[in-house]
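The structure appears below as structure tokens.
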Amino acid sequence: MPELPEVEAASRIARRAVRGETIAEVEVLHPAQRRSLPRRAAQALAGDRVTRVARRAKYQVLHLASGRSLVVHFRMAGDWGVTSPGESLPRHSRVALRFTSGRALVLVDPRALCTVTVVEAGDRPLPELGPEADRPSFSAAHLGRALRDRATAIKPLLLDQSIVAGIGNIYASEALWRARLDPRRPGRDVQPAEVKRVVAAVHRVMREALAHPERYYQDGEDGLRFRVYDREGQPCRRCRGPIQRITQAGRSTYWCPACQR
DNA sequence: ATAGGCCTGGAC
DNA sequence: GTCCAGGCCTAT
């Protein structure tokens, strides 16, 4: 469940569950997870205390009393589970942070692609990231500067986390539909008025999803399901034209050729 | 710019 | 069986 709004919701769950808790043991339950969290690093966490849970874009940072931090990225399909003392772990549990209280914060990750890394005090915790997609600091002026001179299409540029942080494949399509902009448009050809529309659309999509932490990804009646994503061949909700799927930078893009220009 | 890799599960 | 998946990294 992992774009900015879903990671924000998850980080709130983690914050409520484990702030102030002391780590008793970190269990790595899937061998692939040791690529980011080797046995030694996991063992070294015992005894440390979680002082703060923060989120930056799609990263979650568990700050520890020692000055180290635990950086978690959900990638394609991660989520948190919280278990009470004695309770069994959910299906697809890959890493379990067990606390001295008996409670556990569990990384649930069917594909085992998530990363959990220990960052030592003073080390750079995160790669270079642009402004948060839901904030005013992600502005038309900022995006306009980033797009200038870029021959790359706007859709993949919205996925570039060093330009704007937190947008993923679904919300990129959703935002461009809202902005009525052709996802194939080269960055440098996007006019100032269109840049403004894109920024407004990204803000709107992010805010809507943040306001509905669970419902957005679910099927249903609440009118919140995707406008274009995963709707190939179905009628555009604006103009009734057929939604098309194309591949850009190796990822699916959904859009309406009739009303996105 | 594109392809492949990492993993597993679900849809077909 | 095949293809696809909410992300990101590396190699070509």
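Chain identifiers are assigned alphabetically (A, B, ...) following the order of the sequence lines, protein sequences preceding nucleic acid strands; residue numbering begins at 1 within each chain. Computed from heavy atoms alone, side chains included, the values below leave out hydrogens, waters and symmetry copies.
The distance between atom CZ of A:Arg184 and atom P of B:dT2, rounded to the nearest whole Å, is 13 Å. C:dG7 atom P lies 14 Å from atom CG of A:Asp79, rounded to whole Å. Counting to the nearest Å, the P atom of B:dG9 and the CG atom of A:Asp109 are 11 Å from each other. Atom P of nucleotide B:dA3 and atom CZ of A:Arg251 are separated by 15 Å, given to the nearest angstrom. Taking atom NE2 of residue A:His92 and atom P of nucleotide C:dA5, one finds them 19 Å apart after rounding to whole Å. For A:Asn169 and C:dG7, the CG to P distance is 6 Å, given to the nearest whole Å. Going from atom CD of A:Gln248 over to atom C1' of C:dA5 covers 17 Å, rounded to whole Å. Rounded to a whole Å, the CZ atom of A:Phe74 is 18 Å from the C1' atom of B:dC6.
A donor-acceptor contact closer than 3.5 angstrom links the side chains of A:His63 and A:Arg52. Side chain to side chain, A:Ser11 and A:Gln60 fail the donor-acceptor criterion of an N or O pair below 3.5 Å. Judged by distance alone, the side chains of A:Thr22 and A:Arg49 never bring a donor and an acceptor atom under 3.5 Å apart. For A:Glu6 and A:Tyr171, the side-chain atoms include at least one donor-acceptor pair closer than 3.5 Å. Between the side chains of A:Ser162 and A:Glu128, not a single donor N or O lies within less than 3.5 Å of an accepting N or O.
Closest to the side chain of A:His30, from the set B:dC7, C:dA5, C:dC8, is B:dC7. Counting only heavy atoms from C-beta on, A:Pro110 has its side chain closest to B:dG9 among C:dC8, B:dC6, B:dG9. Side-chain proximity of A:Tyr254 to the nucleotides C:dA5, B:dG9, B:dC6 is greatest for C:dA5. Out of C:dG7, B:dC7, B:dT8, the shortest distance to the side chain of A:Arg35 is found at B:dC7. Distances from the side chain of A:Arg245 to the nucleotides B:dC6, C:dC4, C:dG7 place C:dC4 closest. Closest to the A:Met76 side chain, of the nucleotides B:dT8, C:dA5, B:dC6, is C:dA5.
When the P atom is compared between B:dG4 and C:dT2, the two are found 15 Å apart, to the nearest whole Å. B:dG9 and C:dC8 have their P atoms separated by 22 Å, given to the nearest Å. When the C1' atom is compared between C:dA5 and B:dA1, the two are found 22 Å apart, to the nearest whole Å.
In this structure, B:dC7 makes no Watson-Crick or G-U wobble pair, since no nucleotide meets both defining distances under 3.5 angstrom.
Residue contacts shown for A:Gly250 are absent, as no nucleic acid heavy atom lies under 4.0 Å away. No engagement by A:Ala112 is indicated, since no non-hydrogen atom pair under 4.0 Å with the nucleic acid exists.
Phosphate proximity of B:dA1 to A:Thr152: present, with a side-chain N or O under 4.0 Å from OP1 or OP2. Contact annotation: A:Ser252 side-chain N/O to C:dA5 OP1/OP2 distance is under 4.0 Å. Side-chain N/O atoms of A:Arg75 include none lying less than 4.0 angstrom from OP1 or OP2 on B:dC7.
We find the CZ-CZ distance between A:Arg178 and A:Arg238 to be 8.5 Å, quoted to the nearest 0.5 Å.
Across the interface with DNA chain B, nearest-nucleotide mapping of A:Arg91 and A:Pro31 shows A:Pro31 to be the residue nearer the 5′ end.
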